[in-house]
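One structure is given below, encoded as structure tokens.
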Amino acid sequence: MNSSSKALAGGGITFVIGLVLWQFAGDIETPVVTLTKLGVVLMALGALEVVYGLYRGVARKH
């Protein structure tokens, strides 16, 4: 598995975990961080990693 595939897979998994937290963890209270906000952050990081993986895949072909 090359680095662009790893970035795509990791970003996709991170995005899905963030989406699940954002959708379903609203009722859970934690003392440090709100899980819905953490979900939004993870979705953003996952999306950035997917974009980076796509860029690496396209840049490697040229």
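Here the structure is a predicted model, which means the values were calculated and not measured.
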With a 3.5 Å cut-off and sequence neighbours excluded, list the donor-acceptor pairs that the side chains of residues 7-31 form with protein atoms.
residue	atom	partner	partner atom	Å
T14	OG1	G10	O	2.7
T30	OG1	V33	O	2.1

Can you give the donor-acceptor pairs under 3.5 Å from side chains of residues 48-56 to other protein atoms, not counting sequence neighbours?
residue	atom	partner	partner atom	Å
Y52	OH	R56	NH1	3.2
R56	NH2	S3	OG	2.8

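The side chain to side chain contact (heavy atoms under 4.5 Å, CB included) test applied to T34 returns T36, K37, not counting sequence neighbours.
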